[in-house]
There are 2 protein chains.
Amino acid sequence: MPRKLSTLDPQRLDNQICFAVYSAAHAFNRVYKPLLDRLGLTYPQYLVMLVLWERDDVPVKDIGERLFLDSGTLTPLLKRLEAAHLVKRTRSSEDERQVLIALTPQGHALKEKARSVPPSILAASDCSVSELVAMKDEIVALRDRLNAVIGE
Amino acid sequence: MPRKLSTLDPQRLDNQICFAVYSAAHAFNRVYKPLLDRLGLTYPQYLVMLVLWERDDVPVKDIGERLFLDSGTLTPLLKRLEAAHLVKRTRSSEDERQVLIALTPQGHALKEKARSVPPSILAASDCSVSELVAMKDEIVALRDRLNAVIGE
DNA sequence: CCAGATTCAATTGCGAACAATTAAATGTGA
DNA sequence: TCACATTTAATTGTTCGCAATTGAATCTGG
């Protein structure tokens with residue numbers, strides 16, 4: 001007989017908050033896909049564009065800190081965005097170690113086309129804005145606590 | 001001047017619940033990594049093992065429905081678990097289309113070694129069980145609403 | 001001034017994740 | 001029965017995500 005009731009079993013899949021988060025992330029990805037296809041972006045590329053729409057001409061490292069991604073992920077992704085003529089990569093003249101990422105005119109223009117994305121996601125969430133904001137804040141707080149123990 | 005205050009701007013990264021979920025999933029992954037390294041598992045492999053520890057001798061499709069993954073992801077992953085002698089893949093005799101996944105003795109035994117994982121995650125979450133359960137239920141409900149609109 | 005440490009991006013290699021296709025087995029209706 | 005559709009895994013190709021390493025530029029202490 002099992003040591004614990006399954007609803008309390010810490011090794012049960014449905015009791016894992018990590019799986020809830022993992023599977024929700026994939027569900028978001030699938031909802032975003034058709035919307036982003038029309039923009040010619042993948043979801044991680046869309047996140048990079050959100051960062052750059054707030055402020056561009058920033059080094060790769062800044063984007064990485066914002067999105068919790070490293071150069072192994074960002075370098076090839078940014079090269080693809082450059083190949084799509086959405087960004088320009090130029091080595092900084094003040095510090096030759098840095099590569100600055102700037103939006104092209106097309107990159108700036110895409111922000112307008114992307115304006116319909118968040119409302120579509122909101123609709124798919126089938127949830128009030130205030131509920132979503134509350135959930136977001138809780139999830140961000142959890143994420144930050146997890147990230148805090150990574151260097152323990 | 002910007003059209004909206006940034007705290008309300010739907011195109012601002014920090015206002016995206018999807019990014020909260022996405023970045024929390026990666027944070028979980030990083031916390032799990034050192035724990036799972038000792039078991040010789042990656043995080044998605046750990047999820048498959050959680051499914052199989054509940055019930056094994058199941059077709060690939062069942063695992064996929066449980067984890068929201070398809071054969072393109074699972075086939076190579078299961079081959080790696082087989083190479084690690086944790087599962088055995090055998091074609092069903094009743095329905096030759098299906099490949100049944102069964103745990104090996106080592107696969108069963110790993111469940112005991114994995115028992116320390118959930119408490120470590122709980123500790124890293126720095127949060128009460130009841131709060132985590134409440135968050136999990138909210139996230140699962142959101143995930144299910146998102147998945148519901150995928151075939152719209 | 002300069003040797004050694006640090007920072008930054010790029011690279012390599014591996015394991016997901018998924019779309020699209022393929023091939024084989026099974027199910028179905030006329 | 002048998003042509004045709006459906007189901008199931010496997011395969012192929014592209015893109016992430018990260019660990020580990022490399023190499024160049026910059027910083028720092030003596």
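Labels below follow one simple rule: chain letters A, B, ... track the order of the sequence lines, proteins then strands, and each chain is numbered from 1.
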Would you say A:Thr75 reaches C:dA10's phosphate, i.e. side-chain N/O to OP1/OP2 under 4.0 Å? yes
Would you mind reporting whether A:Leu77 and A:Pro44 have side-chain heavy atoms less than 4.5 Å apart? yes
Show your working on side chain to side chain contact (heavy atoms under 4.5 Å, CB included) between A:Val58 and A:Leu100 and close with a plain yes or no. CA-CA 5 Å; A:Val58 292; A:Leu100 299 178; 5.9 Å; no
Whole Å only: how far is the CZ atom of A:Arg89 from the C1' atom of C:dC8? 13 Å
Just the table, please: protein N/O against nucleotides 1-6 of chain C N/O, every pair under 3.5 Å.
none

Pull out every residue in residues 32-66 of chain A that has a heavy atom closer than 4.0 Å to any atom of DNA chain D, ordered by number, or say none. A:Thr42, A:Pro44, A:Gln45
Among the nucleotides C:dT11, C:dC18, C:dA9, whichever has the atom closest to the side chain of B:Thr73 is C:dC18
Nearest nucleotide by nearest heavy atom, which residue falls closer to the 5' end of DNA chain C, A:Gly72 or A:Arg30? A:Gly72
Just how far, in rounded Å, is P of C:dA17 from CG of B:Leu69? 6 Å
Does the ring center of A:Phe28 lie less than 6.0 Å from the ring center of B:Tyr22? no
Check whether any side-chain heavy atom of B:Leu67 lies under 4.5 Å from a side-chain heavy atom of A:Leu13, and answer yes or no. yes
Spacing of A:Gln16 atom CD and B:Leu132 atom CG [to the nearest 0.5 Å]: 11.0 Å
Among C:dC18, C:dG15, C:dA9, the nucleotide that comes nearest once only the side chain of B:Arg80 is considered: C:dG15
Determine whether B:Arg12 and A:Glu54 satisfy the following criterion, side chain to side chain contact (heavy atoms under 4.5 Å, CB included), listing intermediate values before the conclusion. CA-CA 7 Å; B:Arg12 194 173 159 76; A:Glu54 290 180 20; 3.2 Å; yes
Counted 5' to 3', the first and last nucleotides of DNA chain D within 4.0 Å (strictly under) of a heavy-atom of chain A are D:dT15 to D:dT26
Base, sugar-phosphate alone, or nothing: which one does B:Asp95 contact when heavy atoms must sit under 4.0 Å apart? sugar-phosphate
Residue whose closest nucleotide on DNA chain D lies nearer the 5' end, B:Leu74 versus A:Phe68: B:Leu74
Could you state the atom-to-atom distance from CZ of A:Phe28 to C1' of C:dA17 in whole Å? 18 Å
Can you tell me how far apart CZ (A:Arg91) and CG (A:Asp95) are? Round to the nearest 0.5 Å. 9.5 Å
Using only heavy-atom distances, decide whether a donor-acceptor pair under 3.5 angstrom links the side-chain of A:Ser71 to the base of C:dA10. yes
How long is the span from the CD1 atom in A:Ile17 to the CG atom in B:Asp137, to the nearest 0.5 Å? 9.0 Å
Without decimals, in angstroms, what is the distance between A:Asn29 CG and C:dC18 C1'? 9 Å
Straight-line distance of A:Leu78 CG to A:Leu86 CG, nearest 0.5 Å: 11.0 Å
Could you tell me whether the side chain of B:Asn147 and the main chain of B:Ile150 form a donor-acceptor pair under 3.5 Å? no
So what does B:Leu77 hit on the nucleic acid, given a heavy-atom distance under 4.0 Å: a base, only sugar-phosphate, or nothing? sugar-phosphate
Angle between ring planes, B:Tyr46 versus B:Trp53, binned at 30° and 60°: parallel, tilted or perpendicular? perpendicular
Report, as yes or no, whether the 6.0 Å neighbourhood of atom NZ on B:Lys88 holds more than 12 heavy atoms from other residues, nucleotides or ligands. no
To the nearest angstrom, the CG-P distance between B:Asp70 and C:dA16 comes to 14 Å
Spacing of B:Leu78 atom CG relative to C:dA16 atom C1', expressed in whole Å: 13 Å
